[in-house]
Q: 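My questions all concern the structure below.
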Amino acid sequence: MARPILEVKGLTTTLAGGTITILEDVSFGLQPGEVLGVVGESGSGKSMLALSVMGLLPKAVRRTAGRIVLDGEDLAALSPDRWRERRGSDLAMIFQEPMTALNPVMRVGDQVAEVLRRQGIPAKKARQETINLFRKVEIPSPEQRVRGYPHELSGGMRQRVMIAIALAANPKVLIADEPTTALDVTVQAQILDLLRKLQKERGLSLVFITHDLGVIAEIADRVLVLYAGRVAEIAPVRKIFDNPQHPYTRALLASIPEIDRPRGRLVTIEGAVPSIGAMPKGCRYASRCPFRRDICEQESPRLGLVSSDQAAACVQPFGFEKPQEEALA
């Protein structure tokens with residue numbers, strides 16, 4: 001297997017002077033050309049993970065442990081200026097809500113051209129390249145659209161502009177943080193198709209963050225399930241759907257509505273994700289887990305292999321029929 005283009009190792013972030021943990025010991029690798037889906041409920045830490053990799057953490061949050069290795073270079077060990085350079089060239093992000101990410105008083109074409117100008121491209125050529133990028137992301141009448149302002153575009157068109165901005169730097173890794181959440185179903189499908197097409201054409205490595213497992217099934221090669229700031233499970237997408245090993249993964253899958261399911265109440269996950277200031281001592285999912293045992297409330301399970309390409313942080317994976325230590329023996 002090739003060396004991962006992006007490796008996150010033991011990433012831990014904290015709030016309020018290090019007393020409150022947000023992300024804890026998060027690790028994963030992203031292969032060249034791979035799409036890694038990151039899924040979990042609101043409050044699981046998905047967006048914080050994206051901001052950590054990008055080096056865009058809020059001032060109140062800091063990374064207290066871990067490495068973020070992009071193409072062999074540890075970003076976390078770089079100066080802020082050098083990290084900004086990598087973010088502007090090899091690493092890019094599509095944000096969840098384009099209306100807040102775009103400058104409302106600047107023409108959208110100028111916002112794309114600004115990225116190109118920072119790479120030393122002359123103004124005239126940058127404008128033409130912006131039109132080409134608009135055409136690439138399937139914005140109609142690109143020559144006219146480049147002169148528009150964000151409020152003059154639909155939600156789908158604004159998200160396409162965000163994708164154009166991200167692609168302008170020709171990144172190796174693209175992080176998409178719930179890029180379709182605010183869009184209707186039809187436009188959502190169009191944006192997904194566009195991202196798949198661009199990812200394959202450019203050989204992009206993509207981290208796709210969402211709470212929607214239906215979207216994950218369409219776009220991801222592997223899936224990382226995040227719960228309360230910890231990795232619950234990571235596996236190829238087919239194994240996540242066909243043979244989930246963590247109770248939380250199973251609960252997420254069971255809550256997806258099915259057309260052929262008999263009419264009745266929708267399946268829900270009881271309770272809520274614990275708040276960052278009140279994390280339980282043991283497994284963070286224990287209070288909501290129907291398979292919990294006494295040990296689950298006392299000890300925090302480590303992420304362990306249950307097969308060559310699947311890992312879960314549970315004391316009793318494999319259908320929860322035998323303890324993890326026996327399963328791995």
Q: What closest approach, in Å, do Leu116 and Ala126 show between heavy atoms, and which atom pair accounts for it?
A: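 Looking at all heavy atoms of both residues, the shortest contact is CD1-O, 3.4 Å.
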Q: Please report the closest heavy-atom contact between Pro98 and Met162, naming both atoms and the distance.
A: CB-CG, 3.5 Å
Q: Looking only at heavy atoms, what is the nearest atom pair of Pro150 and Leu102, with distance?
A: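 So the two residues come closest at CG-CB, 4.0 Å.
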Q: Other residues, nucleotides and ligands only: do more than 12 of their heavy atoms fall within 6.0 Å of CZ on Arg82?
A: yes
Q: Identify whether the distance between the nearest side-chain nitrogen and carboxylate oxygen of Glu297 and Lys281 falls below 4.0 Å.
A: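 Salt bridge flag = no for Lys281 with Glu297.
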Q: Would you find a donor on one side and an acceptor on the other, under 3.5 Å apart, between the side chain of Ser154 and the backbone of Met157?
A: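 Yes, the answer is positive, given that a donor and an acceptor are paired below the 3.5 Å cut-off.
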Q: State plainly whether one hydrophobic cluster holds both Val115 and Tyr149, where clusters connect Ile, Leu, Val, Met, Phe, Trp and Tyr through side-chain heavy atoms under 4.5 angstrom apart.
A: no
Q: Here's a test for you: under side-chain contact (heavy atoms from CB on, under 4.5 Å), which of Val35, Val237, Leu192 qualifies with Glu218?
A: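 Of the listed options, the one satisfying the test is Leu192.
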Q: Hey, are Arg67 and Glu7 close enough for a salt bridge, meaning a charged N less than 4.0 Å from a carboxylate O?
A: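 Looking at Arg67 and Glu7, the cut-off is not met.
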Q: Any donor and acceptor pair, going by atom type alone, linking the side chain of Ser205 with main-chain N or O of Gly33 inside 3.5 Å?
A: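 Checking the backbone N and O of Gly33 against the side chain of Ser205, a donor-acceptor pair under 3.5 Å is found.
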Q: Are the charged groups of Glu152 and Arg145 less than 4.0 angstrom apart, N to O?
A: no
Q: Using a strict cut-off of less than 4.0 Å between a Lys/Arg side-chain nitrogen and an Asp/Glu carboxylate oxygen, indicate whether Arg117 and Glu129 qualify as a salt bridge.
A: no
Q: Would you say CG of Asp294 has more than 12 non-hydrogen atoms from neighbouring residues, nucleotides or ligands within 6.0 angstrom?
A: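 Not more than 12 within 6.0 Å, no.
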Q: May I ask you to decide if Gln310's main-chain N or O and Gln245's side chain share a donor-acceptor pair within less than 3.5 Å?
A: no
Q: Under 4.0 Å between a Lys/Arg side-chain N and an Asp/Glu carboxylate O for Lys172 and Asp71?
A: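 Yes.
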Q: Ignoring hydrogens and geometry, is there a side-chain-to-backbone donor-acceptor pair from Arg222 to Leu36 under 3.5 Å?
A: no
Q: For residues Phe241 and Ala217, report the shortest heavy-atom separation together with the two atoms involved.
A: CZ-CB, 3.6 Å
Q: Would you name the heavy atoms of Ser52 and Leu23 that are closest together and state the gap between them?
A: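 For Ser52 versus Leu23, the nearest heavy atoms are OG-CD1, 3.8 Å.
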Q: Under a 3.5 Å distance rule, please check whether Arg230 uses its side chain to pair with a backbone N or O of Leu226 as donor and acceptor.
A: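 No, Arg230 side chain to Leu226 backbone: no donor-acceptor pair under 3.5 Å.
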Q: For residues 178-236, pull every pair meeting ring-ring contact (aromatic ring centres under 6.0 Å, His included), keeping only residues two or more places apart or in separate chains.
A: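 For residues 178-236, and leaving out neighbouring residues, the ring-ring contact (aromatic ring centres under 6.0 Å, His included) pairs sorted by first residue read Tyr227-Tyr248, Tyr227-Tyr285.
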Q: Is a donor from one side chain sitting under 3.5 angstrom from an acceptor on the other, for Asp25 and Thr12?
A: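 There is no such pair (donor and acceptor under 3.5 Å, judged by atom type) between the side chains of Asp25 and Thr12.
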Q: Applying side-chain hydrogen bond (donor to acceptor under 3.5 Å, both in side chains), name anything that partners Thr249, two or more places apart in sequence or on another chain.
A: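 With neighbours one apart ignored, the set is Glu233.
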Q: For residues Ser307 and Lys239, is any side-chain donor paired with an opposing acceptor at under 3.5 Å?
A: yes
Q: Around atom CD of Glu201, are there more than 12 heavy atoms of other residues, nucleotides or ligands at under 6.0 Å?
A: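 Counting neighbours around CD of Glu201, more than 12 heavy atoms of other residues, nucleotides or ligands fall under 6.0 Å, so yes.
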Q: Is there a donor-acceptor pair closer than 3.5 Å between any side-chain N or O of Glu97 and the backbone N or O of Met99?
A: yes
Q: Specify the closest pair of heavy atoms between Arg107 and Val146, including all atoms of both residues, with the distance to one decimal.
A: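 Reported closest heavy-atom pair: CB-O, 3.8 Å.
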Q: Decide whether Leu198 and Ile175 are clustered together by the hydrophobic rule: side chain heavy atoms of Ile, Leu, Val, Met, Phe, Trp, Tyr closer than 4.5 Å, transitively.
A: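 Same cluster.
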Q: So, Arg63 side chain and Thr13 main chain: donor-acceptor pair closer than 3.5 Å or not?
A: no
Q: Group every Ile, Leu, Val, Met, Phe, Trp and Tyr by side-chain heavy-atom contacts under 4.5 Å, then state whether Val69 and Leu11 land in the same group.
A: no
